[in-house]
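Data first, discussion second: the structure below is written as C-alpha cells.
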Amino acid sequence: MTDRDPNDSLPIAVFDSGVGGLTVLHECLVSLPEEDYVYLGDDARFPYGAKTDAELRACVLRNTRFLLERGTKLLVIACNSAASAGLESARELAAAHGVEVVAVIEPEAEIAAAITDSGRVGVLATPATVAGGSYLRALGRQRRELTVTQVAAPDLAAIIQRGFPFSEAVVEQVRSYCAPLRRARVDTVILGCTHYPLVRPMLQRFLGREVRLVTAGHALAAAAERILEARRIASSNRGEGEYRFVCTGDPDAFRELGTRFLQLPLGDVELVDL
Ligand code: DGL
C-alpha cells in the first residue's frame, strides 16, 4: 500500500516561445534527473516579447491547455514575457486540473534583492516584459528599498533564436543594451528573458565583471522540487528520466539550435499545430 499519487509518472511540462526555456529545462534536468519532461517551443509565434498582454495571455492559455491535455503533473513557464502577462490565467486553468504552475520573474526578484549590495538593480528584458512592469512589482514586494533600472532589448532574443551570428553589428547592439545599466551603476542585473543566459559571457563582459547576473533556472528547479515533494508526486524512477520536445514552427531548426544550446541530443522534435 502506498500513499503516492498515481500522477507521479507524468512528465513535468515546460514551455517558452522558442529555445530560451532550455536554460530552465537544463537546470531541471540537472536538479531532478529522474523526472520525465515535455518541452514545448511555440516558435511559430516567436517573438513573444513583441506581443500585447492580451496576445500573450492567449498564447499562455493555448500552451497550457495543450500541455494539460497531453498530461502533466507540474507546469513550468520558462518565458518571462509569457509569465509577465499570463501567469494568473495559467494558474487558474491548471488549478482546475489539479496542476500547479511555477514561473520565472518572482524567483529572480527574490535573488536580486538578496544579493545586491548597493540596492541598484538592473533588469534586461523583452519590450513586453518591461512594459508589463512585472519586475517592478516583484522587486517592490521585496523587503528592502531598491532602485530599479529597466532596459528593453527588442532584438536580443531574436538574435539568439536565429542562432546568434557573431557579427560586429550584433556585438554593438548588445553593447548598447548594456550601456544604460552601466550608467546607472547597478551591481546586479536580472536577465529577464530566458534566452539571455545563452549569451551570458558577452553580457558579463559589457556589464563589467563585478556585476552579478541573476537567472531563474536554479530557483525554478528548486521550487519544482518542493512542490513535487509536498504533493508527493516526485517520480519513483531510479536513474534518468526521459525528455521529449514539441514545437509549433520548424522542428529541424528547433532540433539543431536546441541541441547546440542544451548540449544534449534532442531526438525527434514533434510538430504540433496549436
Ligand atoms: N524567452 C522569452 C522570454 O523569456 C522571450 C523571447 C521572445 O519570444 O521574445 O521572454
Side-chain angles (χ1 to χ4, degrees), residues 13-28 39-64 75-87 89-90 101-109 111-112 122-138 150-164 170 173-174 177 189-200 203 213-221 245-250 253-254 257-258 260-262 274:
V14 182
F15 79 78
D16 178 40
S17 58
V19 293
L22 296 178
T23 59
V24 173
L25 178 68
H26 167 78
E27 292 291 345
C28 292
Y39 181 101
L40 165 64
D42 189 16
D43 48 350
R45 295 184 183 83
F46 183 91
Y48 277 13
K51 295 192 188 308
T52 64
D53 274 12
E55 289 168 336
L56 284 168
R57 270 195 295 279
C59 292
V60 168
L61 286 174
R62 203 182 296 114
N63 297 345
T64 302
L75 179 66
V76 179
I77 302 183
C79 173
N80 302 70
S81 311
S84 172
L87 176 56
S89 312
V101 179
V102 295
V104 284
I105 297 180
E106 199 72 36
E108 301 101 287
I111 295 169
V123 177
L124 187 63
T126 65
T129 300
V130 167
S134 49
Y135 275 108
L136 293 181
R137 289 190 292 280
Q150 294 201 99
V151 174
D155 298 337
L156 188 49
I159 290 169
I160 295 164
Q161 185 75 25
R162 279 204 301 274
F164 202 70
V170 163
Q173 186 70 59
V174 177
Y177 292 140
V189 173
I190 294 174
L191 301 187
C193 168
T194 51
H195 280 70
Y196 300 170
L198 295 167
V199 293
R200 184 181 185 127
L203 292 170
L213 302 184
V214 177
T215 59
H218 189 70
L220 274 191
F245 295 87
V246 300
C247 78
T248 56
D250 180 343
F254 187 92
L257 199 57
R260 176 138 68 90
F261 288 147
L262 196 61
L274 298 188

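Whatever order the structure lists ligands and atoms in, that order sets their numbers, starting from 1. Predicted model only: the values in this text are computed from it and were never measured. All residue numbers refer to positions in the sequence shown, counting from 1.
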First-shell residues of ligand 1 [heavy atom, distance under 4.0 Å]:
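Near ligand 1, by chain and number: Asp16, Ser17, Phe46, Pro47, Tyr48, Gly49, Cys79, Asn80, Ser81, Thr126, Ala157, Cys193, Thr194, His195.
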Is there side-chain contact between Arg45 and Leu274, with heavy atoms separated by less than 4.5 Å?
yes
Applying ring-ring contact (aromatic ring centres under 6.0 Å, His included), name anything that partners Phe245, two or more places apart in sequence or on another chain.
Tyr39, Tyr243
Quick one: does any side-chain atom of Ser17 pair with a main-chain N or O of Pro47 as donor and acceptor, under 3.5 Å?
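It does not hold such a pair.
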Can you sort out the partners of Thr52 under side chain to side chain donor-acceptor pair (under 3.5 Å), two or more places apart, ordered by chain and number?
Glu55
Quick one: side chain to side chain donor-acceptor pair (under 3.5 Å) partners of Gln150, sequence neighbours excluded?
none
With rounding to the nearest 0.5 Å, note down the distance linking CG in Asn80 to CG in Leu56.
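Atom-to-atom, Asn80:CG and Leu56:CG are 11.5 Å apart.
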